Visitor: 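Take this structure, written in structure tokens, and hold onto it; I'll ask about it next.
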Amino acid sequence: EDNFDEIGQVLENVGALYAALTEEEQESEEVMGAYLTFSALYEQYADVQQRLLGEDTVVVKTAEELANALAGERPVILMQADITSEVIPYKGGWTVTLDLGGYTLTGTGKGSVIKVNSGNVTIDNGTITGGKANKQGGGIYVSAGANVTLGTAGTVSGNTAGATDGWKYGSGGGVYIADGGTFTLDGGTIQDNSALLDKYEMERCGDGSGGGIFAAPGSTFIMNDGTVTGNTATKKGGGICLGYDGNTPVTVEIHAGSVRDNHASTGGGIYVAHATTLTLRAASIAENQAKSSGGSGSSGLPPWAGAFDPNGLGGGVWFCNTGAGIFYATSGGYISNNVAGKSGDDFNAQLANRLDPHFVTRLYDGREIEWFLDGKDGEWSGPRYTPGSEPIIDLDTLISRWSGELFDNTGRDDLALHSETSGNSSDSYYSVKIMDNDAKKGGGIACNGSLIMGEDRDVSLTITKVWKDTDGAVVEDTSSLPE
């Protein structure tokens with residue numbers, strides 16, 4: 001036990017040397033003798049390892065051992081080798097931690113890598129990759145009644161849902177959360193996954209959406225920390241898709257983390273569906289782009305996606321006519337340094353019937369935010385912003401007037417805005433960072449539901465006036481001083 005780790009490394013090296021030999025070399029008398037000694041030592045090593053780990057932990061090195069362990073009731077499963085397997089189901093109703101041990105669990109491309117049907121499962125310390133689901137959940141499928149957490153050192157990467165090998169549609173390239181399921185991102189990474197839809201297949205709600213994570217209506221998604229990056233969706237939510245159109249909301253909490261460099265047609269970073277409310281506090285929405293969805297080159301979308309209009313709306317945030325937006329200064333956010341090809345570098349809304357006419361004009365530290373019209377030439381919010389444009393003096397009145405005029409305006413012009421502020425969008429104050437994403441509509445966030453930034457909270461201040469003399473001493477008798 002004193003030199004357990006050192007012996008383990010030696011045995012691992014010996015095993016690798018043996019595996020590199022040809023079959024003829026392995027069957028030689030000298031190698032066979034050495035292998036028997038190696039096997040005996042490894043048995044003793046495994047016994048010591050089990051004693052050190054305790055009875056609650058089972059060690060697995062093959063797909064069969066992993067499947068058997070998941071069928072048992074050990075609270076901790078520790079992988080000690082890379083494993084490739086078809087879909088691994090977990091049907092137990094208990095709590096288990098799957099410690100990948102720094103290794104990789106790889107799917108065979110015939111469905112999700114792991115499907116959790118019930119119970120509480122924490123996955124950590126390794127990578128889940130190689131899943132190709134014909135419909136939902138390339139990497140992890142979270143069923144109704146299941147509760148899955150991806151830990152700090154866990155990664156879900158390189159998985160696909162839909163439009164590959166004859167599959168025409170899919171959602172949740174990295175993770176799919178079914179109605180009644182719960183997924184918590186607790187510091188892990190969702191990276192380089194895809195949810196794709198073949199243009200020529202009948203379109204279904206939610207298909208081709210949620211490149212990184214797809215949360216179905218009725219599900220719960222919690223992000224305490226972590227990174228969602230490099231994911232692609234043909235339709236909505238390159239990084240995260242929160243539901244699809246309907247009356248059942250997704251329960252969502254995003255407390256901290258990074259959503260960056262994701263790609264979609266609508267909502268490059270995050271898409272918020274009708275009936276769902278996303279509340280963000282201390283969030284930075286910056287350096288996103290509303291432009292073409294990219295085509296098969298830059299973003300990995302099917303070739304037909306390149307036919308999208310290359311002029312985008314709402315680089316930072318885009319609201320559909322069903323979307324609602326409320327922005328508070330307290331615990332509020334930063335929406336700046338975004339770019340849109342056609343209108344609304346930082347903000348673009350189609351209708352104002354659900355838009356709260358209040359925009360933040362100060363950052364948390366008192367820095368001023370200036371807002372400018374940034375619409376299409378010849379329309380209500382035009383022209384486009386250029387350096388030297390005049391800022392909007394009374395933003396609340398302007399938005400209220402736009403709301404009133406809109407319903408008598410057959411053109412139904414968008415409200416498109418650009419913001420300017422000093423400072424750094426990646427300031428440590430911002431616990432949620434939505435950056436470097438792109439989409440045709442809503443580079444950072446696209447919203448058909450409700451987006452609340454900051455919190456509606458009254459602050460009480462008590463002010464006490466104190467007079468001091470030239471020496472800094474408090475003046476007790478103030479009867480002769482001005483009120």
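Owing to the predicted nature of the structure, the values given are computational and were not obtained by experimental measurement.
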Visitor: If you take all heavy atoms of Gly316 and Ile285, which pair is closest and at what distance?
Guide: O-CG2, 3.6 Å
Visitor: Of all the heavy-atom pairs spanning Thr248 and Pro217, show the shortest one and how long it is.
Guide: O-CB, 3.3 Å
Visitor: Measuring only between side-chain heavy atoms, which start at C-beta, is Asn348 closer than 4.5 Å to Phe319?
Guide: no
Visitor: Taking the side chain as every heavy atom from C-beta outward, state whether Tyr244 and Phe214 have any pair of such atoms under 4.5 Å apart.
Guide: yes
Visitor: Would you check if Asn247 and His274 make a side-chain contact, meaning some heavy-atom pair closer than 4.5 Å?
Guide: yes
Visitor: To check you understand the geometry: which heavy-atom pair defines the closest contact between Ala161 and Gly172, and what is its length?
Guide: CB-O, 3.9 Å
Visitor: Could you walk me through whether Glu455 and Ser331 pass the side-chain hydrogen bond (donor to acceptor under 3.5 Å, both in side chains) test, one step at a time?
Guide: CA-CA 6 Å; Glu455 55 184 315; Ser331 300; 2.8 Å; yes
Visitor: Heavy-atom distance under 4.5 Å between the side chains of Asn117 and Tyr90, does that happen here?
Guide: no
Visitor: Is the shortest side-chain heavy-atom distance between Val113 and Thr129 below 4.5 Å?
Guide: no
Visitor: Is Met453 close to Ile335 at the side-chain level, that is, under 4.5 Å between some pair of heavy atoms?
Guide: yes
Visitor: Keeping the roles fixed (side chain from Asn288, backbone from Ile434), state whether a donor-acceptor pair exists under 3.5 Å.
Guide: yes
Visitor: Are a donor atom and an acceptor atom from the side chains of Asn262 and Asn231 found within less than 3.5 Å of each other?
Guide: yes
Visitor: Do the non-hydrogen side-chain atoms of Phe183 and Ile213 ever get within less than 4.5 Å of each other?
Guide: yes
Visitor: Without swapping roles, check the side chain of Asn437 against the backbone of Asp261 for a donor-acceptor pair under 3.5 Å.
Guide: yes
Visitor: With a 3.5 Å distance limit and no angle check, can you tell me whether Arg384 reaches the backbone of Lys342 through a side-chain donor-acceptor pair?
Guide: yes
Visitor: Minimum heavy-atom separation for Tyr103 to Met79, with atom names?
Guide: CD1-O, 3.6 Å
Visitor: If you compare all heavy atoms of Thr421 against all heavy atoms of Ser336, which two are closest, and at what distance to 0.1 Å?
Guide: CG2-OG, 3.9 Å
Visitor: Would you check if the side chain of Asp82 reaches a backbone N or O of Thr104 as a donor-acceptor pair within less than 3.5 Å?
Guide: yes
Visitor: Apply the test salt bridge (charged side-chain N to carboxylate O under 4.0 Å, His left out) to residues Lys135 and Asp207: give CA-CA distance (whole Å), side-chain angles for both, the deciding distance (0.1 Å), then the verdict.
Guide: CA-CA 8 Å; Lys135 292 183 180 179; Asp207 288 338; over 6 Å; no
Visitor: Are any non-hydrogen side-chain atoms of Ile254 and Leu278 less than 4.5 angstrom apart?
Guide: yes
Visitor: List the atom of Ser265, the atom of Ala439, and the distance in Å for their closest heavy-atom pair.
Guide: O-CB, 3.6 Å
Visitor: Would you say the side chains of His418 and Asp345 form a donor-acceptor pair under 3.5 Å?
Guide: yes
Visitor: Would you please test Val250 and Thr220 for side-chain contact (heavy atoms from CB on, under 4.5 Å) and show each step?
Guide: CA-CA 6 Å; Val250 173; Thr220 298; over 6 Å; no
